[in-house]
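Only one structure is covered here, and it is reproduced in the block below.
Computed from a predicted model, the values in this text were never measured in an experiment. No hydrogens, no waters, no symmetry mates; every other heavy atom, side chains included, goes into these values.
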Amino acid sequence: MSEEYLQQSSQLGNLDRPQVAILDFGSQYSHLIARRVRELNVYCELYSCLVPAEELAPHNITAIILSGGPNSVYEEGAPHVSQGIWDIIKERQIPVLGICYGMQELAHVFGGKVAPGQEREYGKAMVTRNEGCDSKLFEGLPEEFQMWMSHGDKLHKVPEGFKKAGLSPVLFHSKAGTSNADFVAIENVESKMWGLQFHPEVTHSPRGADIIKNFIVNIAGAKQDWVMTDYANEFIESVRKQVGEHGHVIGAVSGGVDSTVAAVLMNKAIGHRFHAVMVDNGCLRKDEAKNVLKRLREDCNVDLRCIDAADRFLGLLKGVTDPERKRKIIGGTFIDIFQEEADKIEEKYGHCEWLLQGTLYPDVIESISYKGPSATIKTHHNVGGLPASMKLKLIEPLRELFKDEVRELGIALGIDEVSVWRHPFPGPGLAIRILGEVTKKDCETLRAADAIMIEELYKSDHYRPIGQAFVVLMPTVKSVGVMGDGRTYEN
């Protein structure tokens with residue numbers, strides 16, 4: 001990767017905070033496991049299944065979850081947890097839950113037999129608790145419940161020390177199963193290890209959250225103290241030490257949820273030593289710049305300056321129809337303008353050593369997730385293309401948070417709910433929602449249509465449940481219509 005961009009670490013830095021470690025074997029559901037744990041107000045982090053023992057060892061690990069994955073544990077080149085990690089688990093007696101491939105990894109490592117099933121099982125499956133099922137993992141669950149299966153291999157022999165877990169065949173030291181999985185759950189209570197063939201983390205497993213809670217809270221004893229108010233206070237105290245009494249921070253603000261929450265949090269930490277910059281590229285939503293200025297500058301007391309660069313952007317976009325070229329032009333021009341404003345701020349306040357960046361945890365997950373034997377596990381990725389020549393150090397207050405946690409943090413900071421629940425909006429703005437050349441007239445048309453749509457979504461109470469909606473301006477098309485009392489044929 002080029003060294004000419006500001007870079008960020010893909011690892012989080014708080015070693016003291018107790019955490020659940022999720023080892024990712026490449027499952028499409030791994031991030032959902034993390035979400036379910038966080039929803040319990042328990043802090044967790046996601047690591048590649050190939051994480052070295054020396055990287056995991058310094059952390060205060062309360063439990064480990066092994067995710068699903070697309071590989072077969074018995075095949076050459078399949079990913080496996082290192083012996084160093086197993087040594088840590090044994091030494092510290094850390095409870096382990098294996099999900100799908102994760103269960104098969106447990107079986108493979110401890111002497112069980114995993115082989116292909118008669119057929120691939122994908123979809124909803126009913127799981128039945130066997131008579132005498134007393135596994136803590138299924139405490140409080142009914143006699144029969146629905147779970148989601150997604151596997152081709154299955155467990156044919158339980159490892160020594162493990163038993164079925166209590167559902168129709170599956171749990172080391174318990175009993176459970178479905179028609180195509182003799183061992184739905186297994187357990188080894190003495191070694192504190194459990195395995196599930198199904199996926200409790202997905203919404204298609206309605207009681208899955210109860211199973212995860214039983215493991216994380218009731219079995220592993222994790223404290224449910226991951227609270228956004230505490231997180232905000234912790235960050236404020238930390239950043240004050242990091243920046244010092246006289247340091248200054250700059251940051252780009254778009255008006256979206258992430259940048260708004262980050263800006264308000266930084267402002268609470270260091271006040272007007274944080275300088276926010278918003279660039280109006282002429283492709284924003286209706287009254288966006290005015291509303292953001294009111295929300296952040298007037299209501300939240302953030303030192304925010306808005307640069308009206310609409311003519312500059314639209315001039316550079318003239319004649320451009322390719323969406324990727326639009327993105328590059330808008331992104332490059334934004335960087336130029338941001339750097340110009342950063343220079344002005346430095347002239348007034350002296351050198352700004354720090355840059356506020358709104359990285360979220362899914363960005364971090366992308367850089368450390370397991371992507372297969374031939375893929376490089378990234379440890380860094382560039383930050384929006386900001387040039388390293390700016391010589392700035394990054395502050396990323398949201399990089400441990402999922403989007404829903406950012407919204408929760410925004411509410412805790414006193415930001416109004418309308419702002420916190422805003423729909424995502426692309427960086428290039430309306431420019432990529434105009435199919436063809438971007439003109440001032442087309443922007444005005446799309447801006448008006450977009451405003452009408454948003455107004456109607458609010459009126460019908462659909463805005464928040466939908467999550468994201470947008471209007472696209474198609475290339476010029478004429479059609480027949482009625483204007484007044486006459487027939488018309490125009491745009």
Open item on the list: Between S419 and D416, is the side-chain hydrogen bond (donor to acceptor under 3.5 Å, both in side chains) condition met? List the steps.
Closed with: CA-CA 6 Å; S419 300; D416 64 283; 2.8 Å; yes
- [ ] Taking only Lys NZ, Arg NE, NH1 and NH2, and the carboxylate oxygens of Asp or Glu, determine whether E340 and R312 approach each other closer than 4.0 Å.
- [x] yes
Task: Nearest non-hydrogen partners of T229 and A412, listed with the distance - done: OG1-CB, 3.9 Å
Task: Atom pair CG/OG of L56 and S82 - distance to nearest 0.5 Å - done: 9.0 Å
- [ ] Check the side chains of E346 and H351 for a donor-acceptor pair under 3.5 angstrom, ignoring hydrogens and angles.
- [x] yes
Task: Verdict with supporting geometry, E201 and R36, salt bridge (Lys or Arg N to Asp or Glu O under 4.0 Å) - done: CA-CA 7 Å; E201 71 273 24; R36 299 296 170 258; over 6 Å; no
- [ ] Would you confirm whether E400, through its side chain, and Y361, through its main-chain N or O, come within 3.5 Å as a donor-acceptor pair?
- [x] no
Open item on the list: Within the 3.5 Å criterion, strictly below it, is a donor on E45 or Y47 matched to an acceptor on the partner's side chain?
Closed with: yes
- [ ] Scan side-chain atoms only and decide if E237 and N233 contain a donor-acceptor pair under the 3.5 Å cut-off.
- [x] no
- [ ] Under the side-chain contact (heavy atoms from CB on, under 4.5 Å) rule, what do I345 and V277 come out as? Steps first, then yes or no, please.
- [x] CA-CA 10 Å; I345 292 171; V277 176; 4.0 Å; yes
- [ ] Taking atom types as modelled, find out whether N214 and N218 have a side-chain donor-acceptor pair closer than 3.5 angstrom.
- [x] yes
TODO: I would like to know whether F313 and I329 meet side-chain contact (heavy atoms from CB on, under 4.5 Å); could you show each step before the answer?
DONE: CA-CA 8 Å; F313 278 91; I329 289 170; 5.8 Å; no
Open item on the list: Under a 3.5 Å distance rule, please check whether R447 uses its side chain to pair with a backbone N or O of L284 as donor and acceptor.
Closed with: yes
Task: Parallel, tilted or perpendicular: rings of Y29 and H199 (30°, 60°) - done: perpendicular
- [ ] Establish, yes or no, whether a centroid distance under 6.0 Å links the rings of H80 and H108.
- [x] yes
Open item on the list: Can you tell me how the ring of H275 sits relative to the ring of H248, calling it parallel under 30°, perpendicular over 60° and tilted otherwise?
Closed with: parallel
TODO: Give a yes or no on whether the backbone of G161 and the side-chain of N188 come within a donor-acceptor separation of less than 3.5 Å.
DONE: yes
Open item on the list: Is the positively charged end of R273 above the ring of Y349, judged by distance under 6.0 angstrom from the centroid and angle within 45° of the axis?
Closed with: no
TODO: Could you tell me which non-hydrogen atom of L398 sits nearest to which non-hydrogen atom of A262, and how far apart they are?
DONE: CD1-CB, 4.1 Å
TODO: Determine whether the aromatic ring centres of F470 and H423 lie less than 6.0 Å apart.
DONE: no
Task: R207 to F145 six-membered ring, cation-pi geometry met (6.0 Å, 45°) - done: no
Task: Closest contact, heavy atoms only, V438 versus C443 - done: CG1-SG, 3.6 Å
Task: Polar contact flag, side-chain donor to acceptor under 3.5 angstrom, W226-E405 - done: yes
